[in-house]
Amino acid sequence: MSADHYRAAGWWRPERVDDLVLRHADALAGRCAVVCEERRLTYRGLTAAVDSAAARLRGLGLRAPEPVLVQLPNTIELLVLSLALMRAGCPPVLAMPTLREHELRPVIATLRPAALAVPRRSRAFDHPEMARRLIKEHDCLRTLLEGDDLRALCVPADGDPARVHTAQPQDIALHLLSSGTTGPPKGIPRTHEAFTSVIRAASEVSGLDRDSVYLAAIPVTHSFAFGHPGVLGTLAHGGRVVLARAADAAHCLDLVARERVTHCALVPGLAAQWLTEQREHPRDVTSLRVLQIGGAQLDPATARRLATELDCAVQQVYGMSEGLLCFTRLDDPDDIVATTQGRPAAPGDELRVVDEAGRTVPPGAVGELWTRGPSTITAYASDARPPGAFGPGGFYRTGDLVRLDDEGNVIVVDRVKDVINRSGEKIPAGDLERLLRGHPRVGAAAVVAMPHPLHGEAVCAVVVPSGDDAPNLRELRDFLRAQGAAPFKLPDRLEVVEALPTTGVGKVDKARLRRTIAALVAAERRNAPGATAEDQESRPSS
Ligand code: AMP
């Protein structure tokens with residue numbers, strides 16, 4: 001299977017992402033394309049803003065194929081700038097606003113972006129200050145796009161700006177960032193022809209059309225809300241995109257009611273918050289048609305409650321920024337929707353479930369999922385194929401343990417990669433452990449997932465102090481913050497131990513640590529003053 005095969009099969013077409021996304025712009029010129037707080041842009045306005053911004057980017061000296069790091073929250077500027085960069089042949093590198101220097105430095109060193117777009121300074125964090133530090137450290141970075149200058153860049157010019165087009169369908173349209181399994185995030189290059197095929201396939205199974213109103217509740221810099229099918233799929237079908245200022249359930253449900261939202265993508269933790277918020281403060285959510293849930297494990301009971309209490313179709317989504325995207329289908333029986341993560345959206349995507357030696361397991365057995373096909377990359381940026389990332393035959397090794405049901409639906413069971421999945425945000429354990437070991441009072445450290453009622457998993461640091469004076473949780477969090485680690489990586493709990501348990505071969509016994517911490521957390525929940533009957537029932541019957 002090769003690029004030529006994908007083209008011959010019609011899976012990859014000779015098209016560009018910006019053209020696909022704005023293909024209805026003339027026909028729908030006066031219709032609203034994007035809403036962000038009180039601002040609204042029509043399709044005509046959006047296209048003019050994109051063309052104007054693409055021309056101004058050239059005026060700033062940016063030249064194809066120089067990438068530009070885009071670390072913006074859900075704003076009109078994020079959308080306009082990303083499309084304008086693709087139009088100008090300067091691939092946007094989409095970075096979540098929560099990433100910090102520890103994660104961004106290696107990305108900048110590898111991709112060598114020429115500019116950086118960041119949000120205004122907020123009470124929570126000073127992005128422009130971080131950007132200035134990064135610019136000082138990296139000679140590739142020439143331009144900072146922020147504040148009023150960024151806003152002005154994305155305003156439609158008077159008259160018809162000339163259309164800048166430099167990219168070819170085979171060129172890189174954008175870089176997504178991997179969530180990183182062993183170290184910092186890696187650039188995931190997506191060509192125009194491959195990414196448009198993903199947008200088309202994902203849109204089709206999501207039932208997007210001109211009447212769709214898509215609420216971007218999670219960060220649009222993540223592929224799930226960007227192009228899987230997200231805001232790009234919605235625009236490509238002539239729908240309307242509503243950008244949420246924050247992910248909190250009250251704000252998002254207000255937007256559902258105000259804008260008559262039909263589609264939204266959430267991680268399981270947020271979906272659970274929607275249920276609570278809607279029960280306590282009911283809104284009119286009768287417009288909701290499809291609620292997509294992905295990024296982390298959704299339990300079947302919550303899936304069923306979402307469908308009943310929000311009276312909409314639930315669609316489980318399992319996939320990864322590297323490409324593969326599985327969806328339950330809108331006409332699947334309720335049981336399939338509640339208990340599986342669906343099957344590939346794109347024709348041509350192959351799944352293999354393998355044992356530790358890379359041999360295909362018997363049907364229905366659990367193994368690691370390997371995938372290849374038109375949706376999935378065959379290398380990271382700069383043609384990097386880190387050890388363990390790809391298997392023979394060009395298969396991408398997902399690091400997820402799954403089994404397939406009789407219809408080919410994926411059921412995610414666990415994972416082999418040493419990553420903590422905190423509400424869909426992935427924390428590579430090894431990377432955090434390396435940072436922790438840098439603390440002067442830490443001798444050895446391991447981080448493992450612990451159960452969390454809201455996030456599904458949270459971060460527990462298990463530390464062996466180097467002397468008598470062990471650091472406390474606050475000190476460790478402050479230390480990691482000072483190292484430039486993203487806030488979602490900071491441990492939620494600390495356990496100080498004399499020695500880390502090891503396996504027979506001398507490796508840290510993470511499975512045992514996870515079991516011990518889970519038992520501790522469960523015991524604390526049972527004994528907490530507000531423990532529910534459910535908590536009491538989970539008491540062991542010894
Ligand atoms: P990302 O590249 O950030 O999208 O993360 C991809 C990873 O998220 C996958 O390899 C899985 O480990 C996890 N993931 C995504 N969707 C699901 C899901 N529906 N259920 C369980 N894990 C998921």
Side-chain angles (χ1 to χ4, degrees), residues 94-96 98-99 103 107 174-182 184-190 198 202 205 218-230 265-272 291-300 302-303 306 314-328 332 336-345 349 351 353 366-371 375-377 380 388-390 395-404 409-429 449 455-457 486 488-489:
L94 297 181
M96 303 243 276
T98 45
L99 299 185
E103 292 81 26
V107 171
L174 75 159
H175 286 279
L176 300 168
L177 293 184
S178 78
S179 36
T181 46
T182 51
K186 295 181 281 293
I188 300 174
R190 307 289 5 226
V198 171
V205 296
I218 58 175
V220 171
T221 40
H222 190 274
S223 53
F224 193 16
F226 189 64
H228 290 170
L266 295 174
V267 290
L270 286 175
L291 203 51
Q292 301 180 316
I293 316 286
Q297 205 111 37
L298 176 68
D299 70 277
T302 306
L306 286 166
V314 167
Q315 185 167 45
Q316 289 215 43
V317 184
Y318 161 75
M320 56 224 60
S321 305
E322 281 80 357
L324 172 72
L325 275 184
C326 297
F327 292 75
T328 55
D332 272 344
I336 297 284
V337 171
T339 59
T340 85
Q341 284 67 60
R343 45 205 182 276
D349 280 342
L351 305 183
V353 183
V366 172
E368 188 189 354
L369 179 68
W370 290 12
T371 183
S375 302
T376 304
I377 54 162
Y380 287 99
F390 296 91
F395 278 90
Y396 169 69
R397 301 174 61 164
T398 65
D400 294 318
L401 282 178
V402 310
R403 64 187 180 82
L404 301 182
N409 291 299
V410 174
I411 297 161
V412 182
V413 177
D414 201 350
R415 67 187 84 103
V416 284
K417 54 192 173 193
D418 196 2
V419 164
I420 299 163
N421 189 340
R422 190 181 191 274
S423 257
E425 300 208 83
K426 317 300 183 313
I427 299 145
H455 301 305
E457 294 176 10
F488 63 84
K489 290 184 176 171

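As the structure lists them, so they are numbered: ligands from 1, and atoms in each ligand from 1.
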Present, as a list of atom pairs with distances to 0.1 Å, all nitrogen or oxygen contacts under 3.5 Å between ligand 1 and the protein.
residue: ligand 1; atom: 2 (O); partner: Ser321; partner atom: N; Å: 3.1
residue: ligand 1; atom: 2 (O); partner: Ser321; partner atom: OG; Å: 3.2
residue: ligand 1; atom: 3 (O); partner: His222; partner atom: NE2; Å: 3.1
residue: ligand 1; atom: 3 (O); partner: Lys426; partner atom: NZ; Å: 3.3
residue: ligand 1; atom: 4 (O); partner: His222; partner atom: NE2; Å: 3.4
residue: ligand 1; atom: 5 (O); partner: Lys426; partner atom: NZ; Å: 3.1
residue: ligand 1; atom: 8 (O); partner: Lys426; partner atom: NZ; Å: 3.3
residue: ligand 1; atom: 10 (O); partner: Asp400; partner atom: OD2; Å: 2.6
residue: ligand 1; atom: 10 (O); partner: Lys417; partner atom: NZ; Å: 2.8
residue: ligand 1; atom: 12 (O); partner: Asp400; partner atom: OD1; Å: 2.6
residue: ligand 1; atom: 12 (O); partner: Asp400; partner atom: OD2; Å: 3.3
residue: ligand 1; atom: 12 (O); partner: Lys417; partner atom: NZ; Å: 3.3
residue: ligand 1; atom: 14 (N); partner: Gly295; partner atom: O; Å: 3.4
residue: ligand 1; atom: 16 (N); partner: Gly295; partner atom: N; Å: 3.1
residue: ligand 1; atom: 19 (N); partner: Val317; partner atom: O; Å: 2.8
residue: ligand 1; atom: 20 (N); partner: Ala296; partner atom: O; Å: 3.4

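Counting all heavy atoms, side chain and backbone alike, Gln315 lies closest to Val205 at NE2-O, 2.9 Å. Closest approach of Ile377 to Arg190, counting heavy atoms only: CG2-NE, 3.8 Å. The shortest heavy-atom contact between Ser178 and Pro185 is O-CB, 3.2 Å.
Under the 30°/60° scheme for interplanar angles, the aromatic rings of Tyr380 and Tyr396 are found to stand perpendicular.
Glu425 meets the salt bridge (Lys or Arg N to Asp or Glu O under 4.0 Å) test with no other residue; sequence neighbours excluded.
Just one residue in the list Val317, Val337, Leu306 forms a side chain to side chain contact (heavy atoms under 4.5 Å, CB included) with Ile293, and that residue is Leu306.
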